[in-house]
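Contents: one structure, followed by commentary.
One-based numbering along the sequence shown. Both counts, for ligands and for their atoms, begin at 1 and track the order of listing.
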Amino acid sequence: MSLVKVEKLGKSYNSQTKVLKDISFEVGSGEFVSIIGPSGAGKSTLLRCINRMVEIDEGKVIFDDLDVGSLNKKELRKMRTNIGMIFQHYNLVPRLSVIENVLHGRLGYKTTLQGVFNKFTEAEKEHAFFLLKKLGIEDHAYKRCDQLSGGQQQRVGIARSLIQEPKIVLCDEPIASLDPNASKVIMDYLKSITMELNITCIVNLHQVEIARNYSDRIIGLSKGGIVFDGPSYRLATDN
Ligand code: ADP
Ligand code: ADP
């Protein structure tokens, strides 16, 4: 069953040149898909169209049978609870603890968390600990997250993205700021935890090798258009 359906999507910023042109693809429930392409290809914009962080100019995005472009504010907020986001620069609140950052995912990313930690239920806190444990960082739960390494911070980012039990996680260059070892750890966790929890995953990457190693399917973007879409093993090694 398809969870995301993108139909003839077009997007430009400031009505200048098109950043995305005539993009169509579907992602099925449970798939682990990498989107690859050079910087500026439109990967980030494509992810942002899926949860409508940017407005859709042409075509359609259907997520979980909802026409994303036509939702009102309330419907959009509800839809976004089913979409976890993971960012290149983690986007954590640096002075708050790890556990608070994970619980922050319950509030939507723009809400301030100061002073509301005690309002979370025990069940919510237990769920946050469960995720930290899965990601091997439960010992750091009460540390300020800016005391953690980059790789550990991204694990906090993964836990935060999963706290609402989303149907999908959209990962925008999750390892672009990490060294090769930490990158491998993050990709391993991302793959195993989304498989275990049966969550669909779309990951923007610029490293072809990593995409090939981890994903079932690769979508290649170049200058706003799809230049490849197929099983990872079919992507020629000279791409
Ligand atoms: P990628 O993620 O593949 O690096 P992006 O989606 O970030 O690609 O960017 C695609 C193109 O859109 C680039 O030329 C970029 O400069 C432009 N772009 C991205 N965000 C904006 C924005 N907010 N305003 C104007 N142009 C933008
Ligand atoms: P990244 O590759 O991590 O997205 P960028 O430097 O491409 O980093 O983009 C950083 C921010 O600037 C993003 O929010 C993006 O939308 C915005 N941006 C990128 N290109 C442009 C542009 N040409 N004009 C305005 N904003 C842009």
Practice item. May I ask you to check whether Ser44 has an N/O atom sitting below 3.5 Å from an N/O atom of ligand 1? Key: yes
Point to revise | Thr45 N/O under 3.5 Å from ligand 1 N/O | key: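 Among all N and O atoms of Thr45, at least one is under 3.5 Å from an N or O of ligand 1.
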Check your understanding: Taking non-hydrogen atoms only, is Val19 closer than 4.0 angstrom to ligand 1 via side chain, backbone, both or neither?
Key -> side chain
Check your understanding: Taking only residues at least two apart or on different chains, which pairs with a member in residues 224-233 satisfy side chain to side chain donor-acceptor pair (under 3.5 Å)?
Key ->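 For residues 224-233, and leaving out neighbouring residues, the side chain to side chain donor-acceptor pair (under 3.5 Å) pairs sorted by first residue read Arg217-Asp229.
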Short N-O contact, [X] and [Y], less than 4.0 angstrom:
X      : Y     : value
Glu75  : Lys78 : no
Asp146 : Arg95 : no
Glu7   : Lys5  : yes

Out of all atoms in ligand 1, which are within 4.0 Å of some heavy atom of [X]? Include the element for each.
X     : answer
Lys43 : 1 (P), 2 (O), 3 (O), 4 (O), 6 (O), 8 (O)
Ser39 : 4 (O)
Pro38 : 3 (O)

Review point. Is it true that a side-chain atom of Gln154 and a backbone atom of Gly151 form a donor plus acceptor pair closer than 3.5 Å?
Key: no
